Amino acid sequence: MKLYNTGSRKVEDFTPLKKDKISFYSCGPTVYDKPTIGNWASFIRYDILSRALRMDGYELDWIMNITDVGHLVSDADEGEDKLEKTARRESKTAWQIAEHYSRYFIDGLDYFNISIPKKNIVRATDYIDQQIELVKKLESGGHTYETSDGVYFDSTTFADYGKMARLDLSGQKGGARVGLGEKKHATDFALWKFSPKDKKRDMEWDSPWGKGFPGWHLECSAIALSELGETIDIHAGGIEHIPVHHTNEIAQSESATHKILAKFWVHNNHLQIDGQKISKSLGNGYTLEDLSSKGFNGLDFRMFVLGSNYRNESNFTWEILTEAKQKRIELQAAADLRYQTKGKLKADLQKLKRDITEAFDDNLNTSLAMSVLNSFVQSVSNGFDYDENEFMNFLDWLDNLLGLELLDSKDITAGQMELIKERNLARQDKDWARADRIRGELLKESIALKDTDEETLWYRTN
RNA sequence: GGCGCGGUGGCCGAGGAGUUAGGCAGCGGUCUGCAAAACCGUUUACGCCGGUGCGAAUCCGGUCCGUGCCUCCA
């Protein structure tokens, strides 16, 4: 497989560190609120990468973190972090908020059919000891200093600081809008933050430096290190993490281990809504519930995500999602042909499989793969001549790759089958009223019919 | 202001120096009890301005627009 590596800014051949077993880390959500469909699109893209790797025969160790220890809000809200702020708003503790939204997130993974094993989703607060250990290691290596509010990483002690992001450190200093405070350099960052002296936080822990909580970047380094080892195959995340979060992760991990943190860095671009960025003020931060209330399901959204490629900025509108839903229904209709009478048309499933594989292996060119698949779906829409085993194997393979649950669809019931027969008798008698009435009945059960020259085919409309 | 990424027809999007991507939507037709589908035909695009080529959507420069980060941030 070829993958774009942010480290080299090139598409490279992917080769695993260890044969057949890949370590894969992706940045998860901060659980102080519901993820937007933009966040979900990212998680679906990580899932697509994981499925493509499994298609190529690799076993996968995929870890995703949940950031359940709060972080400061962007506009310096008196040191109050997102979790604690939400907690106050909802009159709960930060722990309750984190638990609530963690559960919500995990339910959402099922909704979108994201294939990460539940045990591989880990919480930052379960790794406090490991995070403290990492800071100790950095301290003894001479990479830290203490200020009145925390322990900081001295970015000048890591020679390659900002290398992946290609940061121009001198330029950054010039453009800095905020004073350094007690920090020695603009790019230094907190490893451990002290609890405010006058306030009791919901979330705080003892440490050798005093009561407090871990810095923002620390959890990913500590979790990756303890779950996947010093060097991992692939680290994935959103494009916005390149300059700060991943830059700092690399600095602290590599300073501690003296090993490369990740061989491949995969960053996915953002989703826009109606051509604009997702923001609370625009009110376009749609959630999973918004999809459902408009009659869409998680698989429709997954189909939408598959239609574009992860490195491009993509645009979401309800109209485009409607198209995606339509395509998913047509694909499902093709899959449901396995229950129905064969047609005469020949189709080369092996070539189709090769073409789809090739597109996925080419830096996850999912939109190309979907257009190839779509051409097939069009061509067989009136049935085709297939070998049962070959078709089933193909569908099974495709389902594992796309995660669209194509094989979950059951055959129609004996009663529904009987209705189709009755309708065809009515058609023979030219009793059109009766034929249309039966068609209407089936449609109420989400079964639509199309009459070809030879027979009547059905497909599901949901 | 600094450092990045991107701009393809009504829409989604692939490709990436010469050869019609594909799909959706549209229009005309074949077919059809109706519907749906299918099939045939049809609409030739790469933000703008320059440059280098026999030839540029594709390379180079500039510019405009969008977007990410530079804020103790996922």
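Everything numeric in this text was worked out from a predicted model, so none of it was measured. In the text below, chain A, chain B and the rest are named by the order of the sequence lines, each starting its count at 1.
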Asks: Please work out if A/Asp149 contacts a base, only the sugar-phosphate, or nothing of the nucleic acid, heavy-atom cut-off 4.0 Å.
Replies: base

Asks: For A/Asp436, which contact category applies under a 4.0 Å heavy-atom criterion: base, sugar-phosphate, or nothing?
Replies: base

Asks: Could you check B/G28 for me: syn (within 90° of 0) or anti?
Replies: anti

Asks: Looking only at side-chain N and O atoms, does A/Ser308 come under 4.0 Å of OP1 or OP2 in B/C12?
Replies: no

Asks: Looking at B/C34, which nucleotide sits across from it as a Watson-Crick or G-U wobble partner, both distances under 3.5 angstrom, or is there none?
Replies: none

Asks: Please evaluate the base of B/C34 for a donor-acceptor partner in the side chain of A/Arg439 within a cut-off of under 3.5 Å?
Replies: yes

Asks: A/Asn365 side chain N/O closer than 4.0 Å to the phosphate oxygens (OP1, OP2) of B/G15?
Replies: yes

Asks: Remember a base hit wins even if backbone is also touched, and classify A/Ser314 as base, sugar-phosphate or nothing at under 4.0 Å, heavy atoms.
Replies: sugar-phosphate

Asks: Select base, sugar-phosphate, or nothing to describe what A/Gly28 touches, counting heavy atoms under 4.0 Å on all strands.
Replies: sugar-phosphate

Asks: For B/G13, take OP1 and OP2 only and decide whether either is under 4.0 Å from a side-chain N or O of A/Asn309.
Replies: no

Asks: Go ahead and name the base partner of B/C27; Watson-Crick or wobble counts if both distances stay under 3.5 Å, otherwise write none.
Replies: B/G41

Asks: Which is more 5' along RNA chain B, the nucleotide nearest A/Thr452 or the one nearest A/Arg9? Just name the residue.
Replies: A/Arg9

Asks: Could you give the CG-to-P distance, from A/Asn312 to B/C5, as a whole number of Å?
Replies: 14 Å

Asks: So what does A/Arg123 hit on the nucleic acid, given a heavy-atom distance under 4.0 Å: a base, only sugar-phosphate, or nothing?
Replies: nothing

Asks: So is A/Arg9 actually on top of A/Tyr4's ring, under 6.0 Å and inside 45° of the axis?
Replies: no

Asks: Counting Watson-Crick and G-U wobble pairs only, both distances under 3.5 Å, name the nucleotide matched with B/C59, or none.
Replies: B/G51

Asks: Ion pair present between A/Asp47 and A/Arg51, side-chain N to carboxylate O less than 4.0 angstrom?
Replies: yes

Asks: Give a yes or no on whether a salt bridge exists between A/Asp429 and A/Arg427, defined as a side-chain N under 4.0 angstrom from a carboxylate O.
Replies: no

Asks: In this structure, how many angstroms lie between the C1' atom of B/A21 and the CG atom of A/Asn374, rounded?
Replies: 13 Å

Asks: Looking at B/C69, I'd like to know if its phosphate oxygens (OP1 or OP2) sit under 4.0 Å from a side-chain N or O belonging to A/His241.
Replies: no

Asks: What nucleic acid atoms does A/Tyr152 come within less than 4.0 Å of, heavy atoms only: base, sugar-phosphate, or nothing?
Replies: base

Asks: Quick one: A/Met370 CE to B/C24 C1', roughly how many Å, whole number?
Replies: 14 Å

Asks: Would you please confirm or rule out a distance under 4.0 Å between OP1 or OP2 of B/G13 and any side-chain N or O of A/Asn315?
Replies: no

Asks: Please work out if A/Asp451 contacts a base, only the sugar-phosphate, or nothing of the nucleic acid, heavy-atom cut-off 4.0 Å.
Replies: base

Asks: For B/U19, give the paired nucleotide (Watson-Crick: N1-N3 plus N6-O4 or O6-N4; G-U: N1-O2 and O6-N3; both under 3.5 Å), or none.
Replies: none

Asks: Side-chain N or O of A/His245 versus OP1/OP2 of B/A74: is the shortest distance under 4.0 Å?
Replies: yes

Asks: If you assign each of A/Arg423 and A/Phe189 to its closest nucleotide in RNA chain B, which residue comes earlier from the 5' end?
Replies: A/Arg423

Asks: Per the side chain to side chain contact (heavy atoms under 4.5 Å, CB included) rule, which among A/Arg45, A/Glu313, A/Met370 passes with A/Ser308?
Replies: A/Arg45

Asks: What's the spacing between A/Thr93 OG1 and A/Glu99 CD if we round to 0.5 Å?
Replies: 10.0 Å

Asks: Within 45° of the six-membered ring axis of A/Phe194 and under 6.0 Å from that ring's centre, is NZ or CZ of A/Lys211 located there?
Replies: no

Asks: NA contact type, A/Leu368, heavy-atom cut-off 4.0 Å: base, sugar-phosphate, or nothing?
Replies: base

Asks: Could you check whether A/Lys277 gets within reach of a base, just the sugar-phosphate, or nothing at all, counting any heavy atom under 4.0 Å?
Replies: sugar-phosphate

Asks: Does B/C69 have a Watson-Crick or wobble mate here (both distances under 3.5 Å), and if so which one?
Replies: B/G2

Asks: Please report, rounded to the nearest Å, how far the C1' atom of B/A38 is from the CD atom of A/Glu330.
Replies: 12 Å

Asks: Verify, without hydrogens or angle tests, whether A/Asn309 (side chain) and A/Asn312 (backbone) share a donor-acceptor contact under 3.5 angstrom.
Replies: no

Asks: Does A/Ile242 reach a base, just sugar-phosphate, or nothing at all? Heavy atoms under 4.0 Å.
Replies: nothing

Asks: Have a look at A/Gln272 and say if it touches a base, only the backbone sugar-phosphate, or nothing, with a 4.0 Å heavy-atom cut-off.
Replies: sugar-phosphate

